[in-house]
Structure formats: structure tokens, C-alpha cells
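All heavy atoms count here, side chains included; hydrogens, waters and symmetry mates do not.
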Amino acid sequence: MSQTEAVIDAIAGEMRRDERVFYIGQDVGRMGGSLQGTHGLFAEFGPWRIREAPIAESAMVGAAIGAALFGQRPIVEISFGEFLPAAMNQLVNQAPNLRYMSGGVARVPVVVRTRVGDGPYGGHPQDYSAWFAHVPGLKVVMPGTPADARGLMLSALRDDNPVLFIDPMALAHAPRGEVDCDGEATPIGQARLARAGHDVTLVTIGSMVPLSLRAAEQLASLEGIEVEVIDSRSIQPLDTACVLESVRRTGRLVTVHEAWVTGGLGAEVTARIAEECPQALRAPVVRVGTAPVPTPSGKVRPHALPSFDRIIAAVRRVVASS
Amino acid sequence: MSQTEAVIDAIAGEMRRDERVFYIGQDVGRMGGSLQGTHGLFAEFGPWRIREAPIAESAMVGAAIGAALFGQRPIVEISFGEFLPAAMNQLVNQAPNLRYMSGGVARVPVVVRTRVGDGPYGGHPQDYSAWFAHVPGLKVVMPGTPADARGLMLSALRDDNPVLFIDPMALAHAPRGEVDCDGEATPIGQARLARAGHDVTLVTIGSMVPLSLRAAEQLASLEGIEVEVIDSRSIQPLDTACVLESVRRTGRLVTVHEAWVTGGLGAEVTARIAEECPQALRAPVVRVGTAPVPTPSGKVRPHALPSFDRIIAAVRRVVASS
Amino acid sequence: MADPLALYRWLVVCRELDRALCLENPRWFPIEGEEATVVGSFVDLRPNDAAAPHYRDPYVVYLMRGAEMWRLAAQVLGKAAGYNKGRSVPFNGPVELGIVPWVAGDLGTTIGTATGAALAFHYERSDRVCVCTFGDGTANRGDVHEALSLAACWQLPIVYVCQNNGWAISQSASDYLPAGVAARAAGYGMPGECVDGNDVEAVRASVQRAIERARAGDGPTLIEARTWRWRGHWAGDDQAYRLQPEPQGLEDPLDWYAYRLLERGAARSDTLQRVHAEVSEEVAQALARARATPDAGAAELGLDDVYG
Amino acid sequence: MADPLALYRWLVVCRELDRALCLENPRWFPIEGEEATVVGSFVDLRPNDAAAPHYRDPYVVYLMRGAEMWRLAAQVLGKAAGYNKGRSVPFNGPVELGIVPWVAGDLGTTIGTATGAALAFHYERSDRVCVCTFGDGTANRGDVHEALSLAACWQLPIVYVCQNNGWAISQSASDYLPAGVAARAAGYGMPGECVDGNDVEAVRASVQRAIERARAGDGPTLIEARTWRWRGHWAGDDQAYRLQPEPQGLEDPLDWYAYRLLERGAARSDTLQRVHAEVSEEVAQALARARATPDAGAAELGLDDVYG
Ligand SMILES: Cc1ncc(C[n+]2csc(CCOP(=O)(O)OP(=O)(O)O)c2C)c(N)n1
Ligand SMILES: Cc1ncc(C[n+]2csc(CCOP(=O)(O)OP(=O)(O)O)c2C)c(N)n1
Ligand SMILES: [Mg+2]
Ligand SMILES: [Mg+2]
């Protein structure tokens, strides 16, 4: 299955099981969604449960939050992460505050689905995911495999808190992977050890998971460097224990994500290491992410994005400097 | 002068000097602005240059950006940082992209002024400043003294890039400080050594500057711990050199800001240390910020915010653990 | 359905409680003069409907839904006994009573949430409805437009009432509303109506018609209730910015309704006076009870209340 | 002021260039069928006015402002010679020509910027104006509402034209626009008008009137130009979602204007044919020139172009 198919499988399964689950988005009906992200749902569930929305992102998210507050369990799709700013007040002033500010009473089982990064479509690549980890009250996940795409979506749908579910566009249709369609949900907030290694800890997420694994394989076979690859899977909550344990062993940390470096996931992961066990670091940390420019289009983009070569270079650097 | 008076002094001075500077905001006219933040400007400059805007934050920021693109140098005030999300698309998809995406041609001399944190008013305390450092193309400053309030506003007004100028509300009216009204502008992106010390480096900003200095004085006099206090002043660009130099000497780092810890300024400062000189750290870093809850109101708030006691405790901890 | 005396009582509750709260907290946003709009908009909702009142003293609405007055007063006093545990802005309301709460202070955002309540009812094919009020200043926020568009597209069971009190803090509506708010309804293809917001019966009748349409599946309505902000934006506001004289012939919504009841013989003046006395006493007791409880503090920080 | 033949030529440029670009890039958003609205909206602007066209192939507008066709073509081909240095979405336009650029892809946002251009002109008390077009789908974005409110409050010199082509990607306007967009003008107290967007003269006349009002200080106007999206949302779109038949009697805006010119004796058919031939040739040359230039790449990353 592709990641997209896996997400759709999770959604369709929950919709069959639970009448309260429905879907709001643009072009999610007959057209099957951006990047075919809702393919087949309209045919099975029809327009009452797969709802076409006007171009009004703030109202879409606001309405989903309100519907969740009043007993439903909606999914609201913002076609691309670039449009999250248009719904930002709902996403950060409303969704995450409801429970806390109501004295712990409100439940807001809403899933906000969006897509970020480069990919087969190529448009709207902005990845603003890091912002949402800064604000207490949201959960934020980004799968890096088809199995986790299904598993995390299931968890998101069963969670009573607002969850931002982010599809990395680069992985929308490939690589495909095994998915157990009767498998368990992937718990939110648990990183996954994607590859064991003892030389360097590489923490990554989303589109950078397969790329990091490829880099690790090459480093192992050509240079004998064993990289431990941790797929963070969740940005909020962040699984620090797993990273700490690994860095204590390897003494070296590289972070890799498609978002910008400054204030990104890599900054937070690094800071937590520096809070818990700075003495474990035998070499300066290297953070890999998009270059500090507004994410460019087309043929300029690859020069801004993290790449196989930049990951290799980062690992070499942490190994060389210790 | 208070910080508010100092900001107004800078604005009035530039408005006298440069016809292209004008002000957009809500209640900034006869009422004199939230927290009296525009006191006196309407009387001097009248309604053409001190413009009352409808409750339409996105249009306000969008219009300011457009006016800047077409030759003016507007200041647009969003009364409180809590309302920045309502203008988020303009702030992050538009302002910072214009120059880069136009091939380096566009100039966007716009100042977005807002206020964050706890303070004499007490409302709308959310501090989302960290988000804006994540996005390349914006400058983000937050003064911690009246002199810097004036100096940074002057720089912001003379900058050809979009600058987010953030008033920490806790410092709006007190403490007062000396301000040289003929003084130079404070360069954006240079931290200030607020207090020299050799035991611990404390990086702080905004409302936490006076509090951190007070804590440092007490630690010096009662416990003989000499804290070096660095007022970051700017979040983007971030002055790393100054912090690095200090941490190389002290071997200990504490970060203190009113925003949340996760993904905050402290995370980025810490990550840069871990990138440059992790071996300099003789003790785990301690980050102080608002507790991981949506910022509460009234009498609950002090329990969530960073405080004198929490700063003292943080410094003691880094000293004890090395 | 409130009988005339019960309706009058709500008006009095609205005013008396507000006056008392203003004295307790100079940062409270007073409702005086706008009682008819608030009471008339919400008094005919059923318990399982949703209520999304504007932020300006919405307590009478919460009381209609069954909130306890002393716990609301506790919110204004920053007490732990508030429904909000002292955490949020005081004008927040208990979500467990079908209220769309105020969990932040940015205007316009709650209108999206209110529209979502209506979506929930629509989706479950029930005849429940939502009434949502918002200010004339708020009407310019993009969220209001988007919510109205969405509700119109999906024919959601919601009644939007713009509580036009002529002001947004220091700005006069004449500066930011070149046309009335009701004139916007046509642009969404929904019924629009402008009513005298100081006439509780007019507000009520208009809202009732809209509620009926909503229950029948005929979609949303936009009503503009014209009223007036008698006091400052906040209780302690000196209003130095108010240069224009008050409009002529401003009605006091309580007096106005009292006169009507008397004229019609629907109530006697001593009955009305007794209502005032009873409500004053009720308010005083609620405040006293709230005052006697502990302030919110460290125990309410609630690190475990962020996620459920 | 464009004479009839020059006007016809712009229509042809719009169509021929668009067709060629669609063949080059299946992700290009084709304008076919909507040429009269685009050309009619912008053809009467002065060089120092501001132009803020909708994202759907706006190149004819950039050409009217003096952009070089081959450099625009370079943008669609991802070449370094594009005004955007290959960095932005290709429909971006050169800001140095008084164009409100597309520096991101979120709809509605540029309407705020366009309103700011009008604010700049208003502030400097000049008679410059801005024309801003946007889609019928975009009309539901909160930013459109806020911008129209602001422009109405401040009486800014701007003409908003909703280019209503009946579609937003796969959605039909009948689903998201319960009433016309022109019906929204009254809510802002601004003049509103609905015109035949396939009749370039009608669009032009309506926009000219609005421009005159704006220059005279009489504020903004909202025009709805009704046209039709002939092709897919993007060039390669198979439109499997299009179930309804096309509306009856759809006009081809080029044919329509050509017939008029012929009827009136304002042009001969061989002249019109020559225009097509010349434009085709011009387009072919521009494309050839663009193709021959290097792709954007590492040299255009431009770490130093973020801050000025
Ligand atoms: C998005 C946003 N912008 C600005 C404010 C600041 N503010 C608080 S109340 C108010 C006036 C609101 O006017 P209106 O909607 O008419 O309500 P009223 O105060 O008259 O009841 C403003 C501007 C806010 N709370 N939220
Ligand atoms: C804020 C935002 N939401 C959604 C999209 C995705 N999108 C791109 S084009 C489009 C349709 C726009 O419709 P309309 O405004 O009518 O313009 P048209 O495509 O018909 O020219 C959509 C929804 C977007 N670019 N921006
Ligand atoms: Mg008002
Ligand atoms: Mg359209």
C-alpha cells in the first residue's frame, strides 16, 4: 500500500465503525482529493459524510472543532500545509485551549489532516509543523511509512484531543509498504527505531525517513558507519526517552527533517539532549533541514531541501569531529 | 522613560522625519492605544497618519504590506499577540516571501507591532514569537529596556524588511529607564551583555530581562554565583556568537523567556550551542518558560509563568549539577 | 417558553448581575443597555440546543442554560470555584451546558465553533439549532464571513444575531460599518433582518422565526439587533473618546418592557418591583457565596487538564 | 487606452500564449474562455497604477505592464531567466512593474496586499488606483471580506473584480455561492455590478466607471464578471468530476469581439487573421528564446536574496 492508501484505509475503517466520523475538505468528493488523498471515500460514504467545503479554511476548521465539541468526530482536511495559516486562530487559540480552559471538561476529538513538503504535485510545499508543537494542547503526528500512516490515523481518530495529522507529500504514492489492515493503531508519542546502529543517532520524521534509511545503508556498506535511525513519528508529544537512550550509546546526534532548521523539530530534540545528558555528546550536533530561504519551486527546490548527500555529509561530519 | 514612551518617541521621531511612515491600528487614535501604546500620536499627526482600522487583522497587515510594496513605510499594530494568528497568512506566506520570490527585487519596509505576555492589563498574554523565527524572511525583535525599545523601533522603521516588533507587556510602564532621545538606533541581531559573570550564562529576552537581572544580583550577593545575563533582544536574526563566547567561558547555560519552552527561543539557543561547542557544557542546560498549559488568566497565571524563584532554582541547578 | 414575567426577570437578572460584577471588577465588560438583545436572542432555545453568546457579559445566557450564579460570579472574582477553575477569561461559559465557550479572547473565532455546533446537529439530522451572537465590530473579521458562507452552503441550523451596540471599544460603528450588517445577508443568500435591539419582544419574535426556519431545515439567518452601549468598553473605561452626543430617544430596554407589561395589565408595578428586589438579593447572595471561596491558585494550574 | 484592434490583440495574446503554455506545462492553470474578463479588467490602467490579477494565467496583464514575454515563458519552464529566478510559483509577476505578485499560493492573501497598494495611493493623495481580480471560489475566503471592509471604511481607490468562472477546481459555484458575488457589495456600502464577463467591452466599461470613481476619491467598487472555465483546473486535468452539461449559448470571448469588430466595420477579417498569425509567431519566438536559456538551479538558491 502507499501511504495515501493506508490513510484512506484507516479513515474508511473508522467511518464504517463510527457514524460520528465524517470528512470536511475541498475537492474531496468526486475528484478524490488533492493527491488522490480521499480516493474512494465519496463513492462509499456519499456527500453527507464526505463534505465539500467552500474555500474558507478557518470556517472549515472552526466548524470541525465545534462539531467535535457537540458530539461528532470530524476530520477536516486543509489541502496543503501552506493554508494552515489561514485557519491559525482556530488551530491555536481555539482547539488546544478548549479542554484546559473549560476546567478539563471539554472533549475535542477532531483530526486536522494536511500535507506538507515536496512531492509528486510540487506545489505548496511549506512545512509549518514545528509551530504546532510549541502550543500546548495539540498533538502533531507525521508518518514516515504506510504502516504508520494507517496506524497513526487510527490513533488520531480515536483520540479525544485535537490531532494534526500531516501527510508528507514526498511519500504520498511511493515507496509502497506492507500494511496490516487489521493491525493495531500506532500509539501517538512513541518514536520508532527504524534501524539500529551504534555510531550515530539520527532523528528524523516524515519524508526524510526513507531517505535517511537509504543514507544509513550506504554509510554502513561503504564506510562502515552504523547509523541508528529513529523515526520520531510524533512531534507533539515528542518521545525523548528513545532518543536519549540512543544518544547515550552513540554519543552523536544528527537531526533531519524537511522543515527549516531554526526552531524546528531538530532544535527541540537537541535541546532535550542538552538538558538531559550534554556530556553524552562526543561531537557537535548537526541539524539538517531546508535552507533558510522561503521554500522555492521547481528546479531551485532540490538545492534548498535536505538531500541524500546532505545527510551523508552530516553523518560524516559528526563522526569526523569526535 | 517607560518602554511604551520610548517606543512612541521613536515612532514620533521617524514620523516627523519621514512622511512615508504612518500607523494602522485599532483604538490607536483618540483613545491612545491599548496600554496607551500610541499616546500622543493622534494629537500630533491626526487621522490621516494615525489610522483607525476595523477589526480585520488580516486586512490590516495585508494592507500595510501592500502599502510598503508601493512606496510607504507603514507600522501596523496588532493590539495583542493573541491576534497574530488572525493575520498569519499575511505574516508568513506574504511578508517574508516577497523579496525572495520576486528575485530579490521587492522591498517590504513594514513594521508589525504587537504586545505579548503578562502585564498591567492582564489580557491576551499569548506569546507566539518563536513561530516567526522559524520562517525565513522576517526579523523579530523584543526589547527588554526602554533604551532598546526606542533603539530597536528606530532600526525596525529604517529596515527595508518586514520586522515584527514585540512589546513585552510586563515592561510597558515600568521599570522606567534612561533613554537618550538623540541616541543611535539599536542594531537588529545584536545581543546585549546585560551583566557580566563567569559562572553561568543566562540568555533571556523581553519581560524576563529585569527579572533575570534581579535574580542574578541576589545570586551574586547571597550565594556568590556570578551569572552572565545576555539580553537576546532579537529572535531573528539570533546573535549566537555572543552566547557561544559566554558559554565557552562559563560552561553553563540557562535560558529564560516568557513563551513556552518546547520549540521556543531557548530551544534554538541551546541547539546552536550543541552544534558549535557541546563539549563546553559542564552541566545540563536548563530552560525556563511558561508551563506547558494554555496560558491561564488571573491568579492561576503566576503559577504557570517563569518567576524570580524559578530562575534562581534553574541557576542553582546548573551550578549544582557540574 | 418564558412567560412575560419570566422574561422580565431575565432582563433584570442581566442588568443587576452586570452592575454588581462591574463593581467587583473594573475590567468586566458591561452589558447595560443591551439586555433586550441578549435575553431576546437566547430565551427561546431548548436545553439541547447550543448557545454561543457574544463576549460582552453573557452570564444571563449561561444562567438560562442552568449555570449557577455563584460559580459565574466566582469566575469574575478569579476563584477556583469558577467553571473555568480560574484559568480562562471570566466571560467563558460552561461547555457542559451546551454553551460555545470563550477559551481565548480573539473575536470572530468562536463564530466558527458555533457554526460547528450547528454542523453537528445538521449532521445527526436532529432539529437542534444554535444561536450565535456577535458584535458589530466583530462583524468585519474574516471568520464571520467564512462561517456565514459555510452555513449558507450547507444550510446549517444556526441563527446569527449581530448585537450592534454602535461601538467597538473607542471606535464608532459609523466609522467601520458603512452599511448595516443585515445588508450582508443577501450576499449569502440567507434571510436578513434588522430589529430594534432594545425591544425584547421584537428581538425574540425575529429570532423565533429564524429558529423555526433552522429547525425546519431551511438554513441560517442573519439578524441585526440595533442597540446601544451605555457604558464604557470595560467598567472602568472613562470614555474620553466619546465625542458625539448619545442618540436621541434611547430606550431603556427594561423600562420599555416594564411599561408594556403595565399597559397591558400583564403585571402590576409592585410585582415588577418585587422582581428587582428578589434578583438583587439573589445576586448579593451569589456574590457573597463566591467571595467566601478560595482564590484560584497553584492547585488549578492543571498540568493534567491539557490533554484528555 | 487600447483601440479596438489593440484590444483584440490582447485577447489573442491571452489565448495563444496560454495554449502554448498549457502544452509546455500540464500544471499550468489555463485561462481559455475567460480572456475578456482578464483583458477588460486591466487594459485601461495607467502605468503607475497597480495591477493585482487572479492567479489563473495572468500573463497578459503582466505583458500590458511591459513584461517581456520570453521571461514570463521562462517562469513556466522553470528557467533562471524568469523574473522570479525560478523560485516562486510560475504565475508570479514582476513587482517592479506595479504588479501585486504571487509569492505564495494561498488564495485570498494577495487581495490584502492589493488593498495595501490602494492604501499607498490614497495615503499619498494621488489619483493612482489598483485593479484586483479574484476567483469566485476565492470570494469565500475571510481575507476577501476583511479587505473589502477595510477598503470601504477608508474609501480606498480600488476596483475588485470577481472573475466568476463557475468553478473552483472540482466544485461548481452553485454549491459554494448561494447568491452572486455582486450581491455582497451592498453589505459594504459600495457599488456592485454584475457584468457579462465574456463581453470585453462590457467588462471594460464597468471597470472604467469604477476606476473613475476610485480616481475621484469615491472609493472601491465590487464587480462580478460572469464567465466560464472552458478547460480543466490545470491543463492536464481530466475533469472526471464535471457531470453537468456546459451552460447553453456560451460565448467565445474572442469570436464575440471579432464579430462585433467585423459587424461595425472596425476591422477586416484578414486583419484579424493577421493578428492571430503575428501573435502565434511572437509566442513561438518567446518560447524558443526561453527554452534556450539555462534552467534555474543552485545559482538561483539565493541565500542573500531573503533579506534586503
Ligand atoms: C481578533 C480581535 N481583534 C481585536 C480585539 C480587541 N477587542 C476586544 S473587544 C473589541 C471591540 C469589539 O467590538 P464589538 O464586536 O462591536 O463588540 P462590543 O465590544 O461592542 O460588544 C476589540 C477590538 C479582539 N479581542 N480580538
Ligand atoms: C487558501 C487556499 N485554499 C485552497 C487552495 C487550493 N486551490 C487552488 S485553486 C483553487 C480553486 C480556486 O477557485 P477560484 O477562486 O474560483 O479560481 P479559479 O480556479 O476558478 O480561477 C483552490 C481551492 C488555495 N490555493 N488557497
Ligand atoms: Mg459593538
Ligand atoms: Mg472559479
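With a 4.5 Å cut-off on non-hydrogen atoms, D/V95 touches chain B through its side chain but not through its backbone. Looking at D/N84, the atoms closer than 4.5 Å to chain B (heavy atoms on both sides) sit in the backbone and in the side chain alike. Contact of D/I158 with chain B is not made at all, since no heavy-atom distance falls under 4.5 Å. For chain B, no part of D/P94 is nearby; none of its heavy atoms comes within less than 4.5 Å. Proximity to chain B involves both the backbone and the side chain of D/Y307, based on heavy atoms less than 4.5 angstrom apart. Contacts of B/L69 with chain D are made by side-chain atoms alone, with heavy-atom separations under 4.5 Å and no backbone atom involved.
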Subject >> Full working for ring pair (Phe, Tyr, Trp, His ring centres under 6.0 Å) between D/W154 and D/Y123 >> reply: CA-CA 10 Å; D/W154 291 350; D/Y123 178 73; over 10 Å; no
Original post:
For B/W48 and D/H122, what are the C-alpha separation, side-chain angles and deciding distance, and is it a ring pair (Phe, Tyr, Trp, His ring centres under 6.0 Å)?
Top reply: CA-CA 10 Å; B/W48 195 258; D/H122 173 74; 4.6 Å; yes
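How far CZ of D/R46 is from CG of D/D127: 5.0 Å, rounded to the nearest 0.5 Å.
Between D/F29 and D/W234, the ring center distance fails the sub-6.0 Å criterion.
Counting heavy-atom pairs under 4.5 Å between each of B/L98, B/I55, B/D160 and chain D puts B/L98 at the top. The most heavy-atom pairs under 4.5 Å with chain B, out of D/S149, D/A117, D/G302, come from D/A117. Highest contact tally toward chain B, considering only D/S88, D/A52, D/A151, is held by D/S88 [criterion: heavy-atom pairs under 4.5 Å].
Here the shortest heavy-atom pairing between B/L41 and B/A12 reads CD2-CB, 3.9 Å.
For D/R215, the CZ atom sits in a packed shell: over 12 heavy atoms of surrounding residues, nucleotides or ligands are nearer than 6.0 Å.
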